[in-house]
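In what follows, a single structure is set out as structure tokens and then discussed.
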Amino acid sequence: MTSLSGAAATRRAMYSVLGFEVAGPLAIFYGLRAAGVNQWLALLAGGVLPAGRAVHSIVKERRVSGVTLFVLGTMSLTIAMSFVTGSARVLLVRNAWGSAAMALWLLLSLLRPKPLLYEARMFMDREKQALWKASWEDFSGFRRALRVFTAIWGVAFAVDTAIRVLMALTLPIDLVPVLDDVLLVVTLLALIALQRFWGPRYLRKHGLAIRGGVEVHRLDEEERS
């Protein structure tokens, strides 16, 4: 029952992100452009949904995370600058702030006792959470693996941020919003593929193996050979 409810909550969270951060803003932007609205105003309107979602999260949870504060602050600054300059390209740059926040969040988490990827256990059922926790406590190789992959994710999102800024400043304005979402998909798929391909090999290098996606165990002599 717990795993079902956890999976349902995860799906709802994913649908919310897709609706408010991806599909919604795109639909608003291209819908307004089709109706003849200028690029600057269409981009401004497309930013209402993600900003509203961030504010709703603050009101609902009654707390402000560092990432939410960073995104809202930089988004507000970008919008203010766009009013001064009247440039649609300045508004396009706001799409890079989410990636920048994720990169900072991932990399700064390396300074904490547990890196951000360790928190992926929150999306598992209780049994798998317990296995994940035990692996962290028992195997130094597993701890190193999570730190290495957290660093890789952080660097990847930093590169993602730079590419978004470059696209915003150089490519045709009407093309950039959809390319931003394509870039997100490419970045995530590349990271997941790398982690699934290299992760087991990294663990094996440190005398460990993984079963069922979360259960880590030491390799015996037969498995090593």
[X] to [Y] - nearest heavy-atom pair and separation:
X: Ala156; Y: Leu191; value: CB-CD2, 3.6 Å
X: Ala42; Y: Val37; value: N-CG1, 3.9 Å
X: Ala151; Y: Leu110; value: CB-CD1, 3.8 Å
X: Ala88; Y: Gln39; value: CB-CB, 4.2 Å

Steps toward side-chain contact (heavy atoms from CB on, under 4.5 Å) verdict (Leu166, Leu171) | CA-CA 8 Å; Leu166 183 63; Leu171 296 181; over 6 Å; no

With sequence neighbours excluded, what pairs up with Ala103 under the side-chain contact (heavy atoms from CB on, under 4.5 Å) test?
-> Phe157, Ala158

Listed by chain and number, what are the side-chain contact (heavy atoms from CB on, under 4.5 Å) partners of Ala145, not counting sequence neighbours?
-> Tyr202, Leu203

Should Pro177 and Leu43 count as side-chain neighbours, where that means a heavy-atom distance under 4.5 Å?
-> yes

Side chains of Lys133 and Trp136 in contact at under 4.5 Å (non-hydrogen atoms) |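 The answer is no, as the side chains (C-beta and beyond) never meet within the 4.5 Å cut-off.
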
[atom1]/[X] to [atom2]/[Y] distance, rounded to the nearest 0.5 angstrom?
X: Ser109; Y: Glu119; atom1: OG; atom2: CD; result: 8.5 Å
X: Ser135; Y: Leu146; atom1: OG; atom2: CG; result: 9.0 Å
X: Leu184; Y: Leu179; atom1: CG; atom2: CG; result: 12.5 Å
X: Leu188; Y: Leu183; atom1: CG; atom2: CG; result: 9.5 Å

Would a hydrophobic clustering, with Ile, Leu, Val, Met, Phe, Trp and Tyr connected at side-chain separations under 4.5 Å, put [X] with [Y]?
X: Leu107; Y: Trp97; value: no
X: Ile163; Y: Leu91; value: yes
X: Val178; Y: Ile28; value: yes
X: Val182; Y: Val165; value: no
X: Leu194; Y: Leu106; value: yes

Partner set under side-chain hydrogen bond (donor to acceptor under 3.5 Å, both in side chains) for Arg89, not counting sequence neighbours |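 For Arg89, no residue satisfies side-chain hydrogen bond (donor to acceptor under 3.5 Å, both in side chains) once neighbours in sequence are set aside.
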
Apply side-chain hydrogen bond (donor to acceptor under 3.5 Å, both in side chains) to Thr187 and list each qualifying residue two or more places apart in sequence or on a separate chain.
->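 By the side-chain hydrogen bond (donor to acceptor under 3.5 Å, both in side chains) rule, Thr187 matches Asp160.
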
Pair listing, side chain to side chain donor-acceptor pair (under 3.5 Å) test, anchored in residues 176-185, at least two apart | Asn95-Asp180, Arg164-Asp180

Quick one: which residue pairs count as a side chain to side chain donor-acceptor pair (under 3.5 Å) with a foot in residues 145-158, not counting sequence neighbours?
->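 Pairs touching residues 145-158 that pass the test: Trp153-Gln195.
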
Cation-pi check, Arg143 onto Phe139 ring (under 6.0 Å, within 45° of axis) |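 No, Arg143 does not lie over the aromatic ring of Phe139.
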
Anything under 30° is parallel, anything over 60° is perpendicular, the rest tilted; go ahead and classify Trp132 against Tyr118.
->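 Correct class here is tilted.
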
